[in-house]
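As the structure lists them, so they are numbered: ligands from 1, and atoms in each ligand from 1.
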Amino acid sequence: MVIAGLQKLSLIDYPSKVCSVVFTQGCLFRCAYCHNPELIPITAAGMPEATVFNHLKERQKFLDGVCITGGEPTLHRDLPAFIRKIKALGLLVKLDTNGSNPLMVESLINERLVDYLAMDLKYTWKKYDEIANTKNKTVIENCRQTFGLIQFSGVDHEFRTTILPGVHREQDFFEMAGYLKPGEKYFIQQTQFVKNFDPAMSREIGFDVKELAKKLREAFPQLLVEAR
Ligand code: SF4
């Protein structure tokens with residue numbers, strides 16, 4: 001694991017839980033809206049794992065769990081070993097993933113190492129790489145496979161789409177919501193305009209996000225749709 005950072009306390013990164021957030025280094029995607037572009041290179045130096053575990057041991061009684069996010073955590077082969085150590089402390093684990101590593105996600109599910117999965121659904125499958133920007137069809141197929149694995153995992157989960165202004169159109173969200181099965185959670189997130197990977201990206205969304213979420217709830221009453 002290359003650990004890029006530790007947020008000691010968060011009330012928003014794990015639904016209804018008090019958690020710490022571990023940021024991992026490295027990602028294969030190049031999303032224009034990425035608001036942690038410093039986490040994209042895979043080679044950067046990391047923080048000692050001991051720093052994370054010293055904190056978790058100290059705060060174990062006050063925390064419900066740990067959210068592992070990135071970058072893309074599943075790039076790290078020793079992610080399962082890292083999670084086993086967290087679980088040994090009696091803490092829950094939420095994993096944020098872009099879905100590019102179905103083998104890793106499957107093994108985490110099978111070993112019951114994750115209690116909550118949050119996967120980005122970047123775009124419709126046909127246009128996925130317009131956001132992920134990998135120039136690699138296999139990676140996109142992998143995301144599709146992970147999506148299916150999560151849907152049938154039995155693990156609490158959510159899918160979320162961050163809006164890329166000037167690219168996503170309202171009708172795309174109806175197609176993406178159509179991929180979900182009854183009872184699943186679908187969150188539409190606004191881009192945070194901070195230090196984005198592509199600072200020149202458009203800022204014009206072109207539609208009202210809350211209104212879109214309302215229309216999606218009407219069209220897909222079997223889903224739990226929210227705008228964030
Ligand atoms: S927003 Fe895109 S580039 Fe940034 S970490 Fe997530 S998947 Fe990677």
*Whether Trp125 and Phe147 hold their rings parallel, tilted or perpendicular, with breakpoints at 30° and 60°*: perpendicular

*Is Lys85 paired with Glu49 through a side-chain N to carboxylate O contact shorter than 4.0 Å?*
yes

_Between Asn196 and Asp198 (side chain of the first, backbone of the second, donor and acceptor by atom type, cut-off under 3.5 Å), is there such a pair?_
no

*Examine all N, O or S atoms of Cys34, backbone included, and report whether one is under 2.8 Å from atom 8 (Fe) of ligand 1.*
no

*Answer yes or no for Lys122: is there a heavy-atom contact with ligand 1 below 4.0 Å?*
yes

*Distance-minimising heavy-atom pair for Pro73 and Leu95*: CB-CD1, 3.7 Å

_Can you report which non-hydrogen protein atom sits closest to atom 8 (Fe) of ligand 1, along with the distance?_
Cys27 SG, 2.3 Å

*Looking at Asp115 and Lys87, does any basic side-chain N land under 4.0 Å from a carboxylate oxygen?*
yes

*Return the residue, atom name and 0.1 Å-rounded distance of the protein heavy atom closest to atom 2 (Fe) of ligand 1.*
Cys31 SG, 2.4 Å

*Distance filter under 4.0 Å to Asn98 heavy atoms, resulting ligand 1 atoms*: 7 (S)

